[in-house]
Structures are given as C-alpha cells and as structure tokens.
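Please read all numbers here as calculations on a predicted model, not as lab measurements. Chain letters run A, B, ... following the sequence lines, proteins first, then strands; residues in each count from 1.
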There are 2 protein chains.
Amino acid sequence: MNQDYIEPLPQIDELDEKILRLITKNARIPFLEVARECGVSGAAIHQRVQRLLNLGVISGSEFVVNPAKLGYNTCAYMGVYLEKAKFHTQVAEALRKIPEIVECHYTTGQYAIFVKIQTKTNKHLKKLIDEELQEIEGIARTETFISLEMDFKRQVAIK
Amino acid sequence: MNQDYIEPLPQIDELDEKILRLITKNARIPFLEVARECGVSGAAIHQRVQRLLNLGVISGSEFVVNPAKLGYNTCAYMGVYLEKAKFHTQVAEALRKIPEIVECHYTTGQYAIFVKIQTKTNKHLKKLIDEELQEIEGIARTETFISLEMDFKRQVAIK
DNA sequence: TGTGAAATCATGATGTA
DNA sequence: TACATCATGATTTCACA
C-alpha cells in the first residue's frame, strides 16, 4: 500500500540531468558552453531547455538576492494557528499581501499554516506580528522562531 | 535602544533597484532589454550587475527546478532538539551531508536547528528520519510538519 | 560611469537519421 | 522525435573616453 499521490513524471534522460545540473547553478551560463560540456550542439541545449520549461521541470530563472545586503537582517519562521480550519484560504490571501512574507505553506501538525518572513530588524518583525498578522481575521495565534544564521540553502539534488 | 546588529549597506540607487527587479524575476533576460527599459547602455547594465555581484547583493543566478517533476513530492519542515547546545556545528555538518535537506538554520525558540526537507514520498521522509536523522550524534529528537501545499514563494521585495 | 566595436552567442529554418 | 548544421541578428565584453 502506498498512500502517497505521485504526479506523473516527465521522461528525463541523462543529458537532461547534466543540463539541469549546470543551469540550476548558473542561469546565465551560455548554452554553447553547456553544449560543449555535453558534447552536443547549442541548438540541442536550447531545445532541451525549452522542453524542460514546457514540462514544468524548471519554472524559470532568477538572480538570487542576499536580503541582508538590502537591509533585511531578520529571517524568521512562523507557525499560524487558525480559529477555524475553513479560514485557510482567506488567511493565506491576507498573508500574500504582506511583502515581508516570502513563503507560505499549508501544513499538517500543530500549525495550519507555516510561513517564512524577512524583515529589516527584530523590531520590524515584532511590529509586523503585532500590527499586521494578529489583525488578520481568522488567525488565532502565532509562534515564531527567528533564524540566527542560515547554515545552508540549496535546490533539490539532480540525481 | 536598538538591539539589532545591522550590517553596513551598499549604496543602491534607483537604477540598481530597477535592474534588480528585472533580473531577479528572469535571470536570462538580455541585458540589452534591461538597458532599454532603463534608458542606459547595455554595458552599463553589465557593469552594474557585476558590481552587485561583487558587493554580494546578488549571489548568483539559477534556473528554478520544480521538485515534484523530479519525483520529490513531499516537502517538510523539521525542528531539531539537541542533547547539548554545543553539538550545534557537528549536527549541522551531518545535516549538510544529507542531500534531501535543502535548507538549514540555527534558530531561537524551542528548536536549536530548523531544516527544510524534500523527499520523494512520505514514506521516504519517514525512512530518512528513522534511519538517518535519529542516528546523528547530538540530535535528541525532532518535530516534523509536512507541507500539504505551497501557497506561494518569492524573494524579498526590492523597495 | 558610460560608449562603441569586435567577439561571442541565441535562435529559427532546414535536412537527416 | 531528437539532433546537427548553418545563417542572421542580438548580445556580451573589453578597451578607451
């Protein structure tokens, strides 16, 4: 018995994996360089990347900002308790409007919703919790852990 | 009184911000297109981006993979209790060796360490916890929340 | 910082296995 | 279906103002 829902997987071959390993570490790498490393033509890489985008295996690319260099020195995780489970969606919508909330999940366990927050300072975080979050209709209470230091962060490993 | 340590901020002007807003949403955007939007030359954008990299405001670029399309259907957060606080570093080092652990923070509050995990299935997660995590010297116990659904994820907003 | 020219690259069409 | 080759227009990059 397997209780997990598994979504159908696209066919990814070794060339795709090699491409993914390269472009997930550096989105600006010239496709011709990828091509040379893989021993195929540039157009082949171009077509493969397009296909991986179409399949949704990759959703796009981004330059990664360091929040601290923009003055965002506090990173926190917060569990949210709801007054009633059915407030799920409206609370998530309200959270989405707060730009300091950078990630939001529906979760099992003690919290209904779990979020990641980036604020300028601890004071700014406290203010956000007191003045914005506790005011959201449907939130009963919250529990916050501040990240003292991020030790590492990476994407899921390509086989 | 302000208890927060603030790291010195690089000078970021409006042009930098405009560039950041564009390249953090699409790392492959041609710099010439950015240049046209900003009314400067392509080389100016190139140099600005280089400077932002040197300053550490951006740490690089990446194509963003969708874990589910690679068979990683379970996302979880886990709080780690340590036997002794001084086990901090060695536990973090052990965690870094487990590829399914994609993010690791030192935190305040009830947990000493807080991690994000991507596994193929719930079963795979359970196996990871039972066979790998609980075996790590220094970990007392762990508490896991499974993400049923990610509602949203974004980078910190550029002013 | 910015400009412009040379080197490099992306990308679409076409042919082939 | 996946890839190579080729042509062209765009982009990156570097020397220089």
Side-chain angles (χ1 to χ4, degrees), chain A residues 6-71 155-159, chain B residues 7-72 155 158-159:
Chain A
I6 309 291
E7 88 167 63
L9 294 187
Q11 293 300 337
I12 307 283
D13 65 16
E14 284 189 20
L15 177 54
D16 289 318
E17 285 169 9
K18 195 158 181 183
I19 294 169
L20 286 172
R21 274 192 292 272
L22 290 166
I23 70 176
T24 54
K25 288 196 188 70
N26 173 13
R28 293 293 292 197
I29 189 174
F31 289 175
L32 278 178
E33 192 177 326
V34 177
R36 282 187 292 267
E37 295 238 13
C38 297
V40 296
S41 73
I45 302 298
H46 187 254
Q47 289 169 16
R48 292 272 186 151
V49 171
Q50 208 50 249
R51 177 175 157 273
L52 291 169
L53 280 166
N54 291 339
L55 290 171
V57 175
I58 45 185
S59 57
S61 63
E62 55 188 41
F63 269 89
V64 180
V65 312
N66 178 351
K69 296 286 185 178
L70 296 178
Q155 294 200 63
V156 64
I158 319 287
K159 200 176 345 179
Chain B
E7 89 167 62
L9 294 186
Q11 293 301 335
I12 308 285
D13 63 17
E14 285 189 19
L15 177 53
D16 289 320
E17 286 169 8
K18 196 159 181 182
I19 294 169
L20 286 172
R21 273 192 293 272
L22 291 166
I23 68 177
T24 54
K25 288 196 186 72
N26 173 13
R28 292 291 289 199
I29 189 175
F31 288 176
L32 273 181
E33 192 177 326
V34 178
R36 283 189 290 269
E37 296 235 13
C38 298
V40 295
S41 73
I45 301 299
H46 187 257
Q47 287 172 17
R48 292 272 186 151
V49 170
Q50 208 49 249
R51 178 177 157 271
L52 291 169
L53 280 166
N54 291 338
L55 290 171
V57 175
I58 45 184
S59 56
S61 63
E62 54 188 43
F63 269 89
V64 181
V65 312
N66 177 353
K69 296 286 186 179
L70 295 178
Y72 286 79
Q155 295 201 62
I158 319 287
K159 198 175 346 178

For a salt bridge (charged side-chain N to carboxylate O under 4.0 Å, His left out) with A:D13, tell me which candidate from A:R48, A:R51, A:K18 qualifies. A:R48

What nucleotide, of C:dC9, D:dA4, D:dT11, holds the atom closest to the side chain of A:Q47? D:dA4

Value in whole Å for how far the C1' atom of D:dT1 lies from CZ of A:R48: 11 Å

Nucleotide D:dA4, atom P - distance to CZ of A:F31 in whole Å: 15 Å

Looking only at heavy atoms, the pair that brings A:C38 and A:L22 closest together is SG-CD1, 4.5 Å

Establish, for the pair A:R28 and B:F31, whether the NZ or CZ atom is under 6.0 angstrom from the six-membered ring centre and no further than 45 degrees off its axis. yes

Does B:R28 put a side-chain nitrogen or oxygen below 4.0 Å from OP1 or OP2 of C:dA10? yes

Expressed as a whole number of angstroms, how long is the span from A:L52:CG to D:dA2:C1'? 13 Å

Think A:S41 has a side-chain N or O under 4.0 angstrom from the OP1 or OP2 of D:dC3? no

Can you spot which of B:L20, B:L9, B:D16 makes a side chain to side chain contact (heavy atoms under 4.5 Å, CB included) with B:V57? B:L20

Has A:H46 got a side-chain N or O lying under 4.0 Å from the OP1 or OP2 atom of C:dT11? yes

Rounding to a whole Å, what distance do you find between B:L15:CG and C:dG2:P? 7 Å

Take atom CG of B:L22 and atom P of D:dT11, then tell me their distance rounded to the nearest Å. 14 Å

Any donor-acceptor pair under 3.5 Å from A:E62 side chain to B:E62 backbone: no

How would you label the contact of A:A44 with the nucleic acid (heavy atoms, under 4.0 Å): base, sugar-phosphate, or nothing? sugar-phosphate

Quick one: label A:R51 by what it contacts on the DNA or RNA (base, sugar-phosphate, nothing), any heavy atom closer than 4.0 Å. nothing

A:A43 side-chain proximity, nearest of D:dA2, C:dG12, C:dT3: C:dG12

Nearest-Å distance for atom pair CG/P, residues A:L32 and D:dA10: 18 Å

In whole Å, I'd like the distance from the CG atom of A:D16 to the P atom of D:dA2. 9 Å

From CG of A:D13 over to C1' of D:dT1, roughly how many Å is that when rounded to an integer? 12 Å

On DNA chain C, compare the nucleotides closest to A:Q50 and B:I45; which residue's is nearer the 5' end? B:I45

